[in-house]
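The next block holds one structure in the form of structure tokens; read it before the comments.
Chain letters run A, B, ... following the sequence lines, proteins first and then strands; every chain starts at 1.
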There are 2 protein chains.
Amino acid sequence: MRLEPQYKKLLNNALEGSGQRATKQREHIFALLLEKRDHPTADEVYARARADMPTISLATVYNCLETLVETKLIRQVNFEREPTRYCPNLTQHAHFYCRESGEIVDIELSDQLVDELMKVLPKGFSAQHIDIAYDGKCNCCS
Amino acid sequence: MRLEPQYKKLLNNALEGSGQRATKQREHIFALLLEKRDHPTADEVYARARADMPTISLATVYNCLETLVETKLIRQVNFEREPTRYCPNLTQHAHFYCRESGEIVDIELSDQLVDELMKVLPKGFSAQHIDIAYDGKCNCCS
DNA sequence: ACAAAAATTAGAATTATTCCAATTATGGCT
DNA sequence: AGCCATAATTGGAATAATTCTAATTTTTGT
């Protein structure tokens with residue numbers, strides 16, 4: 001697994017921009033998230049990370065994920081009380097959680113729709129972020 | 001604190017409908033959620049419940065809340081990794097979380113908007129529920 | 001009032017995550 | 001290239017919300 005130059009640059013810029021250092025671990029975790037673009041938990045990331053980097057610790061995985069979230073290179077995804085998941089898709093999207101298969105699917109959202117959602121806020125409210133989570137049955141399960 | 005007859009009937013029907021029993025504890029917790037219509041955590045519910053029912057246990061509070069959620073008399077609300085909160089507002093609404101004050105405000109959603117959100121799902125997907133969480137600054141804090 | 005089933009209780013267990021203190025790695029500067 | 005200050009990693013302990021467990025109590029139907 002290797003991080004493509006464009007993403008390596010993205011990562012380095014993002015880290016530098018917030019006064020943080022580039023490390024093997026951060027790069028490795030970013031790379032594995034980009035490689036398989038699903039929504040793994042920290043434990044799953046830990047398992048994948050150890051395949052190529054057996055000495056990495058779980059604490060570091062948590063630290064790296066936190067850093068990547070802070071620098072806005074990945075997103076956190078939460079469903080109810082389940083373990084937090086991590087998502088490398090940075091486009092504007094919602095998440096669909098299939099109760100049957102457990103799969104999580106990204107649902108693209110138009111600017112227009114997000115705009116409408118912003119407009120329903122009462123006066124004086126300003127949102128930095130809207131989190132939209134569907135749950136039900138996905139196409140494979142219905 | 002007393003549960004108004006209309007709500008008592010609602011509770012009893014809902015419980016009966018799912019083969020569960022009416023208990024002092026369930027009634028008490030439902031009543032206190034309806035009395036102060038905010039978004040307390042289980043711990044906060046526990047604290048409020050003990051004011052009038054000092055022997056209630058935390059486990060029971062969790063059990064009752066779970067029962068009320070199952071019977072759809074209240075809703076669960078989750079923000080990131082924070083403790084689950086409980087909401088007696090059953091109308092269609094989203095939640096706004098103010099990062100400044102920590103306050104949670106209900107945002108009413110029109111059928112039309114919810115409809116549009118449903119329409120953006122790809123073919124074959126069907127959602128039972130959409131969870132929408134805004135976060136930013138509320139009117140008091142901006 | 002009696003028995004069966006369900007709910008409550010207190011405390012132990014679990015699980016995801018964070019904290020801590022010691023070690024190691026990184027990046028800037030000479 | 002080597003040194004230093006700072007930041008990151010590490011392993012294990014600690015935390016916090018929630019769930020589980022087994023014993024007791026309550027509820028409901030007869």
In whole angstroms, the gap separating P of D:dA16 from OH of B:Tyr46 amounts to 17 Å
Notebook entry, point to check: Quick one: is D:dT9 close enough that its OP1 or OP2 comes under 4.0 Å of any side-chain N or O from A:Thr60?
Noted result: no
The nucleotide from D:dG12, C:dT9, C:dT17 with an atom nearest the side chain of B:Arg81 is C:dT17
Whole-Å distance, B:Glu82 CD to C:dA16 C1', equals 15 Å
Residue pairs passing the salt bridge (Lys or Arg N to Asp or Glu O under 4.0 Å) test with at least one member in residues 2-20 of chain B, sequence neighbours excluded, are B:Lys8-B:Glu27
Sorted by position of nearest nucleotide on DNA chain D, 5' first, the leading residue of B:Thr84 and A:Leu58 is A:Leu58
Applying salt bridge (Lys or Arg N to Asp or Glu O under 4.0 Å) to B:Asp135 and not counting sequence neighbours gives B:Arg99
In whole angstroms, the gap separating P of C:dT15 from CD of A:Glu44 amounts to 15 Å
Would you say that B:Leu73 contacts B:Thr67 through its side chain, given a criterion of any heavy-atom pair below 4.5 Å between the two side chains? no
Residues of residues 65-80 of chain A with a heavy atom under 4.0 Å from any atom of DNA chain D, listed by number, are none
If each end axis of the helix from C:dA1-D:dT30 to C:dT30-D:dA1 is fitted on five C1' pair positions, the angle between them, to 10 degrees, is 40°
To the nearest 0.5 Å, atom CG of A:Asp106 lies from atom CD of A:Gln92 at 12.5 Å
Interatomic distance, OG@A:Ser126 vs CZ@B:Phe96, rounded to 0.5 Å, equals 6.0 Å
Axial cation check for B:Tyr46 ring with B:Arg50, 6.0 Å and 45° limits: yes
- prompt: Does C:dA16 have OP1 or OP2 sitting under 4.0 Å from an N or O in the side chain of A:Thr41?
  reply: no
Note: contacts of residues 8-28 of chain A with DNA chain C (heavy atom, under 4.0 Å) are A:Arg21, A:Ala22, A:Lys24
* To do: Evaluate the side-chain proximity of A:Leu117 to A:Ile132: yes if any heavy-atom separation is below 4.5 Å, no if none is.
  => yes
note: A:Asn63, atom CG; D:dG11, atom C1'; distance rounded to Å ~ 12 Å
Separation between CG (B:Leu34) and CG (B:Leu11), nearest 0.5 Å, reads 9.0 Å
Looking at D:dT19, I'd like to know if its phosphate oxygens (OP1 or OP2) sit under 4.0 Å from a side-chain N or O belonging to B:Tyr62. no
Answer yes when B:Asp43 and B:Arg48 have at least one side-chain N-carboxylate O distance shorter than 4.0 Å, and no when they do not. no
Tracing side-chain contacts under 4.5 Å among Ile, Leu, Val, Met, Phe, Trp and Tyr outward from A:Val77 reaches A:Phe79, A:Tyr97, A:Ile104
The reported gap from CD in B:Glu116 to OG in B:Ser110 (rounded to nearest 0.5 angstrom) is 7.5 Å
